[in-house]
Structure formats: structure tokens, C-alpha cells
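Only one structure is covered here, and it is reproduced in the block below.
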Amino acid sequence: MGQSNPNALTMSDTDFKAISDIAYKEAGLVFLPEKASLVQSRINRRLRQLKINSFSEYTAFVESEQGFGERKVMISSLTTNVSNFFRESHHFDILREQVLPNLLSRARAGGRIRLWSAGCSTGQEPYSIAMTLLDVAPDAPSLDIKILATDIDPDVIFTAKQGYYEKTSVGDISETFQTKFIETAINGQKTGFKMTETVRNMVSFRELNLLSQWPISGRFDVIFCRNVVIYFDEATQLSLWPRFESVTAPDGWLFVGHSERLSDRFETKFVTVGPTAYRCSSHFDTQT
Amino acid sequence: MALRDQIRVIVVDDMSTSRGLITQALDSFGIRNVVTAADGPTALQSIMQSPVHLVISDYNMPGMDGLHLLHALRQTPQTKGAGFILITGRADREIIDKGRQLGMNNFLKKPFTPPELQLCIEAVVGRL
């Protein structure tokens, strides 16, 4: 029965170790033993799709040379893709009230403004940034302002690019923003909503593993990296923050998730300016 | 009289809800002369009996898919002049290229908004 019903497949400690080792090596993800049931349920779903009847067979495949593609899919299955529009709304208040006024003055004087949603999942975060921006500055499309949105998972990038969402998530968007920035969309037998073309055009989506090289030129004025590093161990986090710092513009802002903090174990120019909001201090200390 | 008052359209989709949603969108553009068909053979029969200016067909249908329907329409003198828009959930290069070879006039990828459908139609038949 256990073997004939994929739902009943259980993962041995050896399989868990093999999977978490690959997840760490490929994407810096850390799965402690208490997350074994989460890993089991997510990989079980993948086993059913592939019609594989045991975890050991799956791990052997993933570890093999031919399993290169599957390793990416496995990482995608393991990463949580929960996202909402305007999640942790205080960040968007800061963006609107404290960040954008200065950036827009610069942009209107011909400056270049770049924002990055790192770990953007299915796009709700970068589109929330874009809607906030367009609400404050309807002229944003004519300025040199771009939002880069990246995620390790090509599937979520595909979804994000479409900008289509089920009706259930519309409640996260204020009625004023619904009127301005979304349109009803037909998707076969269902209707949902789609971000307007103006909103979609503000965002460029790219696949990016944060642990790999960042093919990024120039610095960012604002970086959202929220609820991403919680999946990394401290060593990986410690290696990431300086990298974010190196691509943050003088005076630039960094927003992290509600349960995340910049480690005090490294020298940083980021200073706390609000709940889970940081600012790169090197220049604004001397300029303000 | 505006084009939207004159144009006759057939919507082909095996899913009744999809047919309904598209018909509703057409109605909102002022296109009221709309017939529907749940499969390719029924659509062909209907068009032979009563010609249309525009066919809006889903790609993925059991039996005769959207491209087979397009092929059949282009083979028949009475139906070969109708505009054809393919609606597809998978805008694969292969499907689009095949469609173009067969004489598809435009395509629309799901999900789409009513204004996108209107633009797609206007690109084929002109301003509604």
C-alpha cells in the first residue's frame, strides 16, 4: 500500500540529508530537521508528477549529472512562493512618504533611478512598488525609472511577467488602486485581474540566484529583499548583506522582511531608519 | 453605421464559460451579432450556413483544435475570407508559426483583458 500510494511515501533521514545538501549547495537554502515534513510534502508532490515511487530514486536522479534540470525544479518546489500585494504595508508608506519624493525630484532633473525587488516571487511585490510609484508620479513612465524584479524560480517569473492574478487577491489592493491599476481579465473559464500595461511596463523580470554572480550594472536606490534570506543560514546571510551594500546607491534604502535583521556581525553602512528599513549611511550622514 | 454594428462573429470554445466571457466582452464593445460553437465541426457547419466576418477560436479543443479549424476554413471558398483570431494558453512559437502559415490573422494569449481583445480584433477588422 505504502508503495502504491504516492501520498503515503515517507522520506528517510538519509534522503532528507541528501535533499537538504543539494538545496544548500545549489541555492544556499537551509532546512533544519524540523522542516523535514515540509520538505517531504513538497517533494512528494514532485514525485507524483514524475511518477517516481521512492525518495531514494529521486535523490539519486537529482544528484546525477542528468539531474541538473531537476535540481532547479526541486529548488523551485522547496521555496515558499507566498506573496501578497502590499505585504508589510508600512514599507510602502515609507516608500511613498520618505523615499519617492527625493528620487522623483532627481528623476525629473534627468537622473537615473533604479529599484530592485530581490526574491520577487509571483510579482506582487514589484507591482506594489510600481503602483505606489505611479500613484505618486503618473509621469514615471516618461522618466528614467526602472524596477528590476528577480527570483531564482523561472516558473514564478513566468507568472509574474503575465501580471495576472486570481480574484481572491484583489482585496489586498485598495479600491482606488484597483480603479487605476488593474483590469478584469479572462483566463479560459475564469476571470481574474491583470495589472495594466503601464504598471507591467515599469517592471523588468529576470531569473537570478542570489548566490550566483549578479549581472547588474549600476547601483540601486531602493532594494526590497523581504522574506528571502530567512531561508539562508547565517554564513550565507553574512555573505549577502555586503553584496547588497555594494550595489546600493549612496543614500539608498534596503527593506527586509518582518522577521529579518541585518546581522551585527559585520561592518555595515546600513543604518536602521524604521522597522526593518535601512539606509546606506555613508553619504547621507555627510550630506544631510 | 459603425463596424461593430455590422460585424458578425463566431466564438468557438469547448468551455461554455469561456464562450460566455468572450461573448460578454464582445457585447461590451458593442458587437452584438455573435454566434457560438462548442467545437470545430459545429463551427464549420455554422459558418457554411451563415458566413461570419471573424472567427475567434480557442486553440486547445478536443478533436479538432483551433489550428485544424483554421486549416479547414482556409480550404473552403465560402469560409476562407473570414478573419481568424486564435486564443491560446500556450503562445508557443511553434503554434504561432503554424497559425501564421495557415493564415491566422492574429492571436491572443490567455489571460487577456477585454481591451486587449478589442485591440486584437481591431488589428484584424479595423476600428470598431
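Remember, it's a predicted structure, so these values are computed and weren't measured experimentally. Labels below follow one simple rule: chain letters A, B, ... track the order of the sequence lines, proteins then strands, and each chain is numbered from 1.
Using a 4.5 Å cut-off between non-hydrogen atoms, the part of residues 162-178 of chain A that approaches chain B consists of A:Gln162, A:Tyr164.
Heavy atoms closer than 4.5 Å to chain A are found nowhere in B:Gln24, neither backbone nor side chain.
The two atoms that bring A:Glu183 and B:Thr113 nearest to each other are OE1-CG2, 3.4 Å, heavy atoms only. The two atoms that bring B:Pro111 and A:Lys194 nearest to each other are O-NZ, 3.0 Å, heavy atoms only. A:Ile186 and B:Leu21 make their closest contact through CD1-O, 3.7 Å (heavy atoms, listed as atom of the first residue, atom of the second, distance).
Comparing B:Ser16, B:Gly20, B:Ser18, B:Pro114 by how many heavy-atom pairs each has under 4.5 Å with chain A, the most go to B:Ser18.
For B:Glu94, the CD atom counts as loosely surrounded, since its 6.0 Å shell holds 12 or fewer non-hydrogen atoms of other residues, nucleotides or ligands. Within 6.0 Å of CD on A:Glu207 lie more than 12 heavy atoms contributed by other residues, nucleotides or ligands. For B:Lys98, the NZ atom is loosely surrounded, since the number of other residues' heavy atoms within 6.0 Å does not exceed 12.
With rounding to the nearest 0.5 Å, the separation of NZ in A:Lys190 from CE in B:Met15 is 11.0 Å.
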